[in-house]
Amino acid sequence: MPEMPEVEIIRRSLVDKLSGRKIIEVEFLLARLVKWPSAAEFQAVLTNRTIVTVARKGKYLLFHLDDNQVLVIHLRMTGRLQYVTRGIEKDKFTRIIFKLDNEDLLVYADTRTLGTLYLMPLDELWRITGLAAMGPEPLTLEFSLLYLNEMLKKHHGKIKAVLLNQKYIGGLGNIYVDESMAIAGIHPERIASSLSESENEKLFHAINKVIADGIEHGGTTFRDYRDGEGKSGSHQHHLKVYGRKAEPCYSCGTPIVWKEVSGRGTHFCPTCQR
DNA sequence: CTGCAATCCTGGGTGC
DNA sequence: TGCACCCAGGATTGCA
């Protein structure tokens, strides 16, 4: 569900509340979401660990704990993390409850149960392939125009698929990729290596802008997404193409096209994006 | 390296 | 009200 801006907003909404808190109990309603180690070991190691800070890499949340342990959570499509102060009515999507030493709760809920959790020492994070192989993230020094130029030159697949691939750029998902291509005026089915340097430059600025705006607006809420305090984002009101199938393009009035590209639903303006 | 399909799951929305 | 079908913000794996 969430892409990098949403995960970052969740991180920001949790970090102050969780830093210094001790996890005193882990309750599983659906233990199979834990991918490493076994659920029993996950529970045993996590119990009585203190949370030092909450970090993020791409779409992964990293809860740094004492004893050099790290709790890693990937929300995938419909995962939600909520800091709860007054006890909760468990609903059927509540999957894992972390009980804290101040009697508050960190609740993991997930409709489609595709989310993944891991617990391991800091120096073993390389075991999580998607985390270890992640490409540079927008808005960082590593994600430079030079990097984007060199990277796109090497890839001969559709630009949409390349931008979605976390190995090449970390943190972009379907919404922000469609929006980036719309702002840059690039058709999603273009071959990545065929883009000119001036198109790459437009794309570079568009990606950074879309991610920065997404964070500034508190993320994009369609259905499930909420931050750690249950608040919705507002970036859905700023989208140019995503979710606007058949509605007029804001620039030229042409109806926005929806088409499956690289296996993902894709929105674009056939006039403005070439 | 690339595309493609299948896979993990449970809905919401729509059309008949 | 029921039912079938499409679609969904992610990512991995196996195959051609």
Side-chain angles (χ1 to χ4, degrees), chain A residues 1-10 29-36 56-61 72-81 91-96 108-118 127-135 150-181 188-194 210-211 213-215 217-227 232-239 241-246 257-267:
Chain A
M1 117 201 211
E3 307 180 31
M4 191 264 251
E6 288 74 35
V7 178
E8 174 59 18
I9 295 297
I10 291 170
L29 292 98
L30 189 64
R32 68 168 164 77
L33 301 185
V34 175
K35 303 305 171 190
W36 182 271
R56 178 192 58 74
K57 185 172 178 188
K59 302 172 194 170
Y60 289 86
L61 280 166
V72 181
I73 301 182
H74 195 305
L75 304 167
R76 295 288 189 107
M77 302 280 253
T78 52
R80 282 164 296 167
L81 271 174
D91 65 24
K92 58 180 179 173
F93 305 125
T94 306
R95 309 302 185 187
I96 299 175
Y108 181 77
D110 194 339
T111 308
R112 288 169 69 183
T113 72
L114 298 170
T116 50
L117 294 86
Y118 309 79
R127 292 180 187 281
I128 303 173
T129 320
L131 192 56
M134 189 172 303
E150 298 294 311
M151 187 274 283
L152 292 181
K153 212 183 294 175
K154 281 190 286 196
H155 293 282
H156 309 294
K158 290 173 184 161
I159 185 67
K160 165 106 186 189
V162 173
L163 296 181
L164 275 176
N165 193 325
Q166 304 297 299
K167 275 190 294 199
Y168 307 141
I169 301 174
L172 291 181
N174 207 34
I175 296 177
Y176 293 96
V177 164
D178 279 7
E179 291 298 305
S180 298
M181 291 184 297
E189 295 181 294
R190 289 278 302 280
I191 300 302
S193 58
S194 79
V210 149
I211 292 295
D213 287 354
I215 293 172
H217 295 137
T220 304
T221 298
F222 277 115
R223 259 178 228 160
D224 303 297
Y225 168 72
R226 298 290 184 280
D227 75 6
S232 300
S234 66
H235 192 64
Q236 63 277 14
H237 303 306
H238 302 265
L239 300 175
V241 292
Y242 188 88
R244 300 193 61 244
K245 177 183 180 180
V257 170
W258 183 96
K259 181 183 182 185
E260 187 170 310
V261 177
S262 304
R264 304 298 301 274
T266 301
H267 306 75

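The figures here come from the full heavy-atom set of this structure, side chains too, leaving out hydrogens, waters and symmetry mates.
- Evaluation of the salt bridge (charged side-chain N to carboxylate O under 4.0 Å, His left out) rule for Arg264(A) yields no partner, not counting sequence neighbours.
- At a threshold of 4.0 angstrom between heavy atoms, the contacts of Thr220(A) include nucleobase atoms, whether or not backbone atoms are also involved.
- The salt bridge (charged side-chain N to carboxylate O under 4.0 Å, His left out) check on Lys154(A) picks up nothing, with sequence neighbours excluded.
- Here the P atom of nucleotide dG10(C) and the CZ atom of Arg80(A) are 16 Å apart, to the nearest Å.
- Residues satisfying the salt bridge (charged side-chain N to carboxylate O under 4.0 Å, His left out) criterion with Lys153(A), sequence neighbours excluded, are Glu150(A).
- Among residues two or more places apart in sequence or in another chain, the ring pair (Phe, Tyr, Trp, His ring centres under 6.0 Å) test is passed with His217(A) by His235(A), His238(A).
- Every salt bridge (charged side-chain N to carboxylate O under 4.0 Å, His left out) that Arg190(A) has, sequence neighbours left out, goes to Glu199(A).
- Summarising the local packing, CH2 of Trp36(A) is surrounded by 12 or fewer heavy atoms from other residues, nucleotides or ligands at distances under 6.0 Å.
- The CG-C1' distance, from Leu75(A) to dA11(C), rounds to 13 Å in whole Å.
- In this structure, the side-chain hydrogen bond (donor to acceptor under 3.5 Å, both in side chains) partners of Tyr108(A), at least two apart in sequence or on a different chain, are Asp110(A).
- Taking 4.5 Å as the limit, some side-chain heavy atom of Phe222(A) sits within range of a side-chain heavy atom of Ile175(A).
- Residues satisfying the ring pair (Phe, Tyr, Trp, His ring centres under 6.0 Å) test with Tyr168(A), not counting sequence neighbours, are His155(A).
- Each side chain to side chain donor-acceptor pair (under 3.5 Å) pair with one or both residues in residues 158-167 of chain A, not counting sequence neighbours, appears once here: Lys160(A)-Asn174(A), Lys160(A)-Asp178(A), Lys160(A)-Thr266(A).
- When DNA chain B is scanned in the 5' to 3' direction for atoms under 4.0 Å from non-hydrogen atoms of chain A, the outermost contacting nucleotides are dT2(B) to dG11(B).
- We find that CG of Leu164(A) is positioned 11 Å from C1' of dG9(C), with the value rounded to whole Å.
- Here the C1' atom of nucleotide dA11(C) and the CD1 atom of Ile128(A) are 13 Å apart, to the nearest Å.
- Of the P atoms belonging to dA5(B) and dC7(C), the separation is 14 Å, rounded to the nearest Å.
- In this structure, Lys167(A) and Gly263(A) both approach DNA chain B, and ranking their closest nucleotides by distance from the 5' end singles out Lys167(A).
- Rounded to whole Å, atom P of dG10(C) lies 13 Å from atom CE of Met134(A).
- Look at CZ on Phe222(A): it is 12 Å from P on dG10(C), rounded to the nearest Å.
- Following rounding to the nearest Å, Tyr176(A) (OH) and dG10(C) (C1') show an atom-to-atom distance of 15 Å.
- At a threshold of 4.5 Å between non-hydrogen side-chain atoms, the residues Ile96(A) and Leu30(A) do not count as touching.
- The separation of dT13(C) from dC9(B), taken at their P atoms, amounts to 16 Å, rounded to a whole angstrom.
- A distance of about 23 Å separates the C1' atoms of dA4(C) and dC8(B), rounded to the whole Å.
- Between Leu114(A) atom CG and dG10(C) atom C1' there is a gap of 8 Å when expressed in whole angstrom units.
- Among the duplex regions that DNA chain C forms, those built from at least three successive Watson-Crick or G-U pairs under 3.5 Å are B:2-8 with C:10-16, B:10-16 with C:2-8, ordered by first number.
- Judged as a side-chain hydrogen bond (donor to acceptor under 3.5 Å, both in side chains), and not counting sequence neighbours, Lys245(A) has no contacts.
- At dA11(C), one or more side-chain N or O atoms of Gln166(A) fall inside 4.0 Å of OP1 or OP2 (strictly under the cut-off).
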Give every pair of a protein N or O atom and an N or O atom of nucleotides 3-8 of chain C that lie under 3.5 Å apart, one pair per line with the distance.
| residue | atom | partner | partner atom | Å |
| --- | --- | --- | --- | --- |
| dA8(C) | OP1 | Trp258(A) | NE1 | 3.1 |
| dA8(C) | N3 | Arg112(A) | NH1 | 3.1 |

